[in-house]
Amino acid sequence: MKQAQHQPSRRDMRRALTAVAAALAAMVSLTLPIAPAMAQQQKIKIGLMLPYTGTYAALGNAITNAFKLYVDENGGKLGGREVEYFVVDDESDPSKAPDNANKLVKRDKVDVLVGTVHSGVALAMAKVARDNSTLLIIPNAGAGDITGPLCAPNIFRTSFSNWQPGYAMGKIAAEQKKKTAVTFTWKYAAGEESTGGFKEGFEAGGGKVVKEMTLPFPQVEFQSYLTEIAALKPDVVYVFFAGGGAVKFVKDYAAAGLNKTIPLYGPGFLTDGTLEAQGDAAQGLLTTLHYADGLNNPKDKAFRAAYLKAFKAEPDVYAVGGYDAAQLLNVGLTAVKGDISKRNELVAAMESAKIDSPRGPMTLSKAHNPVQDIYLRKVEGKENKVIGVAVKALADPARGCKL
Ligand code: PHB
């Protein structure tokens, strides 16, 4: 009997089970509605895939610094959510890019990919972003295809297309009545698209590109090409080199004495973030870019002061791309109150964003590429002084984009 008294009857069991089921149901009904709110309290995971070694290392660091600067200025948050970084050195190596991007997306499960500098690496990132529907913001790489045939609702760029500064410089050279040009660059998307843009602008204005020279990225053995330029004697030389390669090219061009006889033009990457190292060799160079020294707008002044204070260095065009990537993401996340799962609303807010950029006001084209003034700049001392606007509100043609 005693035993029987302690043994639960079937009825007791049923009651107990019903009570447990009811409690569970209550818990589920409680948890479900608050799930999104809890998700918003989790940190937003940002995958920074950028070069921290190699010829573009300084560029990757400037982008990272400025992205983090904006987040810090915003109380360590974007769209009200704290930020957690997952950082990968992409080494500007396209062959490693699919693995690197997949690690961030599949292993670290980042909410947003931010990167990169090198167009070849960025093209691989765009493929991973498209395959996984991951939000991707490109703070530098100008590959035309990304806002051309590969354009997508989840892919944005806060920098430029390689075509934009190239086209503007070609237009300027033609306006200056230069007749012949030689182009020279690394043989990969950025260089070929930049020199292609120059050729388009130059030849539309009546000039002729008489020779297009390339060497593999990131080689810097320029001597034989300089000899050929000297022999060809064009009215102007247009080159795309950046980072460490730009430093070496500008110095070699001057050392060969060519800066005295044939004007050297380029997109502003040739002299941005490099003047300290280029010194006298860069003086007087004309370049075109969506950023310059001496813009003197309030946002730029504040940005420069804050960057200088935080990193004891002057910001450059790369820093601007990184800063604006964070600004753009903040616009999207703020519109959805941090709920990144609301993809359509987030994308719509980013598409119509009016960014107060250090470069001046920035909006995006339908293809998600900045529509922006391209400045004409001249190297004076350690500055790329703005001396005019080469093309106002220039949009990339976005050939092949079906958005
Ligand atoms: C690019 O690969 O798209 C690229 C790299 C460095 C620059 C600009 C563009 O300064």
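Being a predicted model, the structure only gives us computed values, none of them experimental. One-based numbering, in listed order, for ligands and for the atoms of each.
Remark: Tyr167 engages Trp163 in a ring pair (Phe, Tyr, Trp, His ring centres under 6.0 Å) (not counting sequence neighbours). For the side-chain hydrogen bond (donor to acceptor under 3.5 Å, both in side chains) test, residues two or more places apart in sequence or in another chain that qualify with Lys199 are Glu212. Shown here are the side-chain hydrogen bond (donor to acceptor under 3.5 Å, both in side chains) partners of Lys382, two or more places apart in sequence or in another chain: Glu276.
Salt-bridge check for Asp324 with Arg359: passed, with a basic side-chain N closer than 4.0 Å to an acidic carboxylate O. A salt bridge is absent between Asp111 and Lys45: the closest approach of a Lys/Arg side-chain nitrogen to an acidic carboxylate oxygen does not fall below 4.0 angstrom.
A distance limit of 4.0 angstrom between heavy atoms and ligand 1 selects the residues Tyr56, Leu59, Val117, His118, Ser119, Asn140, Ala141, Gly142, Phe160, Asn162, Tyr188, Ala190, Phe240, Ala242, Phe269, Tyr318.
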message: One pair to check against side-chain contact (heavy atoms from CB on, under 4.5 Å): Phe67 and Tyr85. What are the steps and the verdict?
response: CA-CA 11 Å; Phe67 190 99; Tyr85 297 106; 3.8 Å; yes
